[in-house]
Amino acid sequence: MEIIVVITVMAFLIGTISFALPSKSSRKISTLRIEASKLGFKISSSSIGKNLFKNKELNNMIYKIKNTSNLKEAHFLRDKDELILYSPLKLKYSDDYNEIQNGLQNLSPFVLEIIFSNSSISFIWKENEGLDELIKINNLLKNF
């Protein structure tokens with residue numbers, strides 16, 4: 001009887017400890033977010049605060065970086081293979097629209113949505129693609 005109690009307690013302790021340890025994917029995403037913050041990104045959850053994104057999945061994270069581009073107001077959504085303009089529609093009729101659209105075609109297919117504002121560029125992307133993909137996104141946005 002004592003052996004059964006000892007084995008039960010040991011199993012409970014081992015289960016509790018293994019539940020508390022982070023998984024391999026959690027460690028990978030944590031490392032990615034730390035490296036992203038070193039690159040100057042601010043990361044927040046899409047479920048907290050005012051969310052202007054149309055993608056309402058609660059597990060998505062919003063990456064935000066300072067806007068150094070000439071584009072100060074735009075919202076693009078991914079539709080199949082390309083990012084399409086959501087707002088403002090007046091941008092579609094500007095002279096620079098074709099150049100902007102060509103630049104967005106070079107942007108990673110893992111970017112689901114992107115918002116340009118006066119102060120920042122915010123986007124949602126698939127984090128499991130890793131740091132190399134984030135660096136490519138960052139370089140393209142800085143040269144946009």
Side-chain angles (χ1 to χ4, degrees), residues 5-144:
V5 171
V6 170
I7 291 173
T8 305
V9 169
M10 293 293 287
F12 177 74
L13 287 174
I14 291 171
T16 304
I17 291 171
S18 66
F19 183 72
L21 295 175
S23 67
K24 186 177 179 181
S25 63
S26 296
R27 288 192 303 264
K28 181 180 173 185
I29 288 180
S30 175
T31 303
L32 170 73
R33 290 177 183 166
I34 289 170
E35 293 300 320
S37 64
K38 288 179 184 177
L39 290 172
F41 286 96
K42 293 181 181 172
I43 305 162
S44 62
S45 174
S46 62
S47 62
I48 297 174
K50 184 178 176 184
N51 185 358
L52 300 174
F53 289 95
K54 300 302 173 196
N55 191 332
K56 297 296 183 187
E57 290 183 35
L58 296 178
N59 58 350
N60 285 337
M61 299 299 284
I62 298 171
Y63 283 67
K64 191 181 287 190
I65 194 161
K66 185 178 179 181
N67 188 354
T68 57
S69 72
N70 294 331
L71 189 57
K72 299 299 180 188
E73 182 184 347
H75 188 166
F76 294 91
L77 301 170
R78 177 142 322 264
D79 184 30
K80 297 177 185 159
D81 293 340
E82 64 180 320
L83 286 167
I84 58 170
L85 180 65
Y86 178 74
S87 73
L89 291 179
K90 66 182 179 182
L91 179 63
K92 194 168 195 169
Y93 302 106
S94 73
D95 296 334
D96 299 332
Y97 182 69
N98 289 334
E99 183 181 327
I100 293 167
Q101 196 64 25
N102 290 336
L104 288 175
Q105 295 306 321
N106 296 329
L107 196 60
S108 171
F110 302 108
V111 174
L112 305 175
E113 194 169 345
I114 186 166
I115 298 176
F116 291 84
S117 68
N118 288 331
S119 60
S120 65
I121 302 171
S122 305
F123 61 94
I124 296 176
W125 72 295
K126 295 181 181 176
E127 288 180 303
N128 56 357
E129 296 305 319
L131 184 61
D132 293 335
E133 193 67 32
L134 182 62
I135 291 171
K136 288 178 190 175
I137 294 168
N138 185 27
N139 291 336
L140 190 82
L141 290 176
K142 283 187 176 180
N143 297 326
F144 200 75

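We number each residue from 1, following the sequence as shown. None of these values were measured; they are calculated from a predicted model.
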Report task. Scan residues 70-83 for pairs that pass side chain to side chain donor-acceptor pair (under 3.5 Å), counting only residues two or more places apart or in two chains. Result -> His75-Glu113
Output side-chain donor-acceptor pairs under 3.5 Å for residues 132-139, partner residues at least two apart or in another chain, one line each.
from   : atom 1 : to     : atom 2 : distance (Å)
Glu133 : OE2    : Ser108 : OG     : 2.6
Asn139 : ND2    : Ile135 : O      : 3.3

Query raised in the report: Would you say Thr31's side chain and Arg27's backbone share a donor-acceptor pair under 3.5 angstrom?
Result: yes
Query raised in the report: Does Glu99 CD have over 12 foreign heavy atoms under 6.0 Å away?
Result: no
Report summary line: When every non-hydrogen atom of Ala36 is compared with those of Ile43, the smallest separation belongs to CB-CD1, 3.8 Å
Query raised in the report: Could you give the distance from NZ (Lys42) to OG (Ser37), rounded to the nearest 0.5 Å?
Result: 11.5 Å
Requested in this report: Check the pair Ile121 / Ile114 against side chain to side chain contact (heavy atoms under 4.5 Å, CB included), numbers first and verdict last.
Outcome: CA-CA 7 Å; Ile121 302 171; Ile114 186 166; 3.8 Å; yes
Query - Side chain Asn67, main chain Ser117, donor-acceptor under 3.5 Å - result: yes
Query raised in the report: Take atom OH in Tyr86; do more than 12 heavy atoms of anything else shown fall under 6.0 Å from it?
Result: no
Report task. For residues Leu91 and Ile100, determine if any side-chain heavy atom of one lies less than 4.5 Å from a side-chain heavy atom of the other. Result -> yes
**Report entry** Side-chain touch Arg33/Tyr63, heavy atoms, less than 4.5 angstrom
**Finding:** yes
Report task. Evaluate the ring planes of Phe116 and Phe76, with Trp represented by its six-membered ring, and classify them as parallel (under 30°), tilted (30 to 60°) or perpendicular (over 60°). Result -> perpendicular
Requested in this report: Verify, without hydrogens or angle tests, whether Ser69 (side chain) and Leu71 (backbone) share a donor-acceptor contact under 3.5 angstrom.
Outcome: yes
Query raised in the report: Are any of the side-chain heavy atoms of Lys126 and Leu112 separated by less than 4.5 Å?
Result: yes
Report task. Find the distance between CD1 (Ile65) and OG (Ser119) and round it off to the nearest 0.5 Å. Result -> 12.5 Å
Requested in this report: Answer yes or no: is there a side-chain heavy-atom contact under 4.5 Å between Glu127 and Leu32?
Outcome: yes
Requested in this report: Could you check if a side-chain atom of Phe123 sits within less than 4.5 angstrom of a side-chain atom of Leu107, using non-hydrogen atoms only?
Outcome: no
Report summary line: Interatomic distance, CZ@Phe41 vs CG@Leu141, rounded to 0.5 Å, equals 7.0 Å
Report summary line: Residues Pro88 and Ala74: closest non-hydrogen pair is CD-CA, 3.8 Å
**Report entry** Heavy-atom closest pair, residues Leu83 and Val111
**Finding:** CD2-O, 4.1 Å
Requested in this report: Show your reasoning for whether side chain to side chain contact (heavy atoms under 4.5 Å, CB included) applies to Phe12 and Met10.
Outcome: CA-CA 5 Å; Phe12 177 74; Met10 293 293 287; over 6 Å; no
Query raised in the report: Would a 4.5 Å heavy-atom cut-off, applied to side chains only, mark Leu39 and Leu131 as touching?
Result: yes
